[in-house]
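All remarks here apply to the structure that follows.
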Amino acid sequence: MLVYPSGLDLSTSALRLLRRELTARRRRIGTRWRRLTCGRQALMAPAHLRCGHTFAQLAVGFGVGLATAHRYVTEAVDVLAVLAPTLQQAMAVAAGKAFVILDGTLLPIDRIAADRPLYSGKHRKHGMNVQVLTDPFGKLIWVSPALAGAVHDIRAARSHGLLDALNNADIRCWADKAYQGSGPAVRVPFRGRWNKLSVGKKAVNRAHAKIRALGEQAMATLKSWRLLRKLRCSTTRITDLVKAVITLELTAST
């Protein structure tokens with residue numbers, strides 16, 4: 001296999017965080033020797049998440065075995081996933097914002113037609129549903145655990161306790177029509193055909209759409225991590241992968 005140098009468009013602060021956490025983990029479990037240093041292992045995980053490099057490519061690029069590359073990346077992802085913000089922490093951050101934006105997205109996966117619970121009729125593909133909470137400028141605040149793609153957005157938000165948290169804290173939230181009936185804190189557009197809406201309702205829906213459009217920046221940020229564009233791993237690992245991405249993204253943006 002040919003090997004060539006490659007760049008990684010990620011802040012060094014994210015790399016330093018991961019290296020520090022990996023060093024602490026090695027000391028905690030009493031590791032005496034590893035094939036790669038903490039710094040090299042810390043570089044391997046973002047290369048997998050950000051660039052979507054396979055374990056085979058990472059093994060050749062870093063000069064280790066395939067199993068070692070898989071083990072190192074899995075360990076780094078687990079370390080990062082623990083650092084991801086919880087819902088309670090996200091609510092504390094959201095309480096300091098003028099409002100937040102809620103939306104759901106589908107992370108595509110490689111599944112066959114027989115896996116109906118993972119199939120999203122809305123997107124017409126298999127995937128995992130994640131709920132995304134952003135600030136008024138489209139910056140990520142929190143991303144939910146991944147659920148099967150067949151789960152509707154409002155049902156997913158309820159199952160995570162997100163809607164109850166928003167309503168109990170009285171945090172103003174803008175969302176699309178899929179969240180109709182989410183509670184007083186969640187504002188959604190007026191329903192109905194456009195030509196049958198009143199002039200006032202049309203104006204409200206236009207303003208509502210402009211606000212929610214900022215949330216699309218967060219979706220673009222999430223999908224800039226190439227691994228999340230097409231996941232080819234076990235669905236039980238997707239939540240940790242998403243949490244690892246959020247940890248790195250929030251660290252890089254601070």
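All values below were derived from every heavy atom in this structure, side-chain atoms included, with hydrogens, water molecules and symmetry-related copies excluded. Keep in mind it's a predicted model, so treat the numbers as computed, not measured.
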Using atom types as modelled and distance alone, determine if a side-chain donor or acceptor of [X] lies under 3.5 Å from a backbone N or O of [Y].
X    : Y    : answer
S11  : S13  : yes
Y72  : R35  : yes
D103 : V132 : no
H152 : I154 : yes
H53  : P46  : no
T74  : R71  : no
S120 : H126 : no
T239 : A146 : yes
T251 : A14  : no
R229 : K223 : yes

Should [X] and [Y] be regarded as members of a common hydrophobic cluster, given that ILVMFWY residues are connected when their side-chain heavy atoms come within less than 4.5 Å of each other, either directly or indirectly?
X    : Y    : result
M219 : L231 : yes
L140 : L214 : no
W174 : M91  : no
L83  : L22  : no
L17  : V77  : no

[atom1] ([X]) with more than 12 external heavy atoms under 6.0 Å:
X    : atom1 : result
F99  : CZ    : yes
K125 : NZ    : no
R172 : CZ    : yes

Inset, instruction - Start with the C-alpha distance between R237 and D78, add both sets of side-chain angles, then the distance that settles side-chain contact (heavy atoms from CB on, under 4.5 Å), and finish with yes or no. - result: CA-CA 10 Å; R237 292 289 301 165; D78 291 341; 3.1 Å; yes
Inset, instruction - Take K177 and V188 through the test side-chain contact (heavy atoms from CB on, under 4.5 Å) and record every step on the way to the result. - result: CA-CA 6 Å; K177 296 178 182 179; V188 298; 5.7 Å; no
Inset, instruction - Start with the C-alpha gap between L18 and L80, add the side-chain angles, then the distance that decides, and say whether side-chain contact (heavy atoms from CB on, under 4.5 Å) holds. - result: CA-CA 7 Å; L18 181 52; L80 290 170; 3.8 Å; yes
Where do [X] and [Y] come nearest, in terms of heavy atoms and distance?
X    : Y    : result
V186 : N167 : N-OD1, 4.3 Å
A185 : I171 : CB-O, 3.4 Å
I109 : T235 : CD1-CG2, 4.1 Å
L147 : S159 : CD1-OG, 3.4 Å
V130 : L107 : CG1-CD1, 4.1 Å
L10  : A252 : CD1-CB, 4.2 Å

Enter the distance from [X]:[atom1] to [Y]:[atom2] here, rounded to the nearest 0.5 Å.
X    : Y    : atom1 : atom2 : result
R124 : Y119 : CZ    : OH    : 7.0 Å
H160 : S144 : NE2   : OG    : 3.5 Å
K97  : T134 : NZ    : OG1   : 10.0 Å
D135 : Q217 : CG    : CD    : 9.5 Å
L228 : T105 : CG    : OG1   : 9.5 Å
R25  : E21  : CZ    : CD    : 11.0 Å

SB check [X] [Y] (cutoff 4.0 Å):
X    : Y    : value
E75  : R34  : yes
D240 : K243 : no
R158 : D153 : no

Between the side chains of [X] and [Y], is a donor N or O closer than 3.5 angstrom to an acceptor N or O?
X    : Y    : result
T12  : R16  : yes
R26  : Q41  : yes
S224 : R50  : yes
W225 : E249 : yes

Check: [Y] and [X] side chains under 4.5 Å, non-hydrogen atoms:
X    : Y    : answer
L250 : P85  : yes
V82  : T247 : no
L133 : V143 : no
F55  : H48  : yes
L162 : W142 : yes
V93  : Q89  : no
I101 : P136 : no
V100 : I141 : yes

Legend entry - Audit row: L102, L163, side-chain contact (heavy atoms from CB on, under 4.5 Å) steps and yes/no: CA-CA 10 Å; L102 171 62; L163 298 182; 4.2 Å; yes
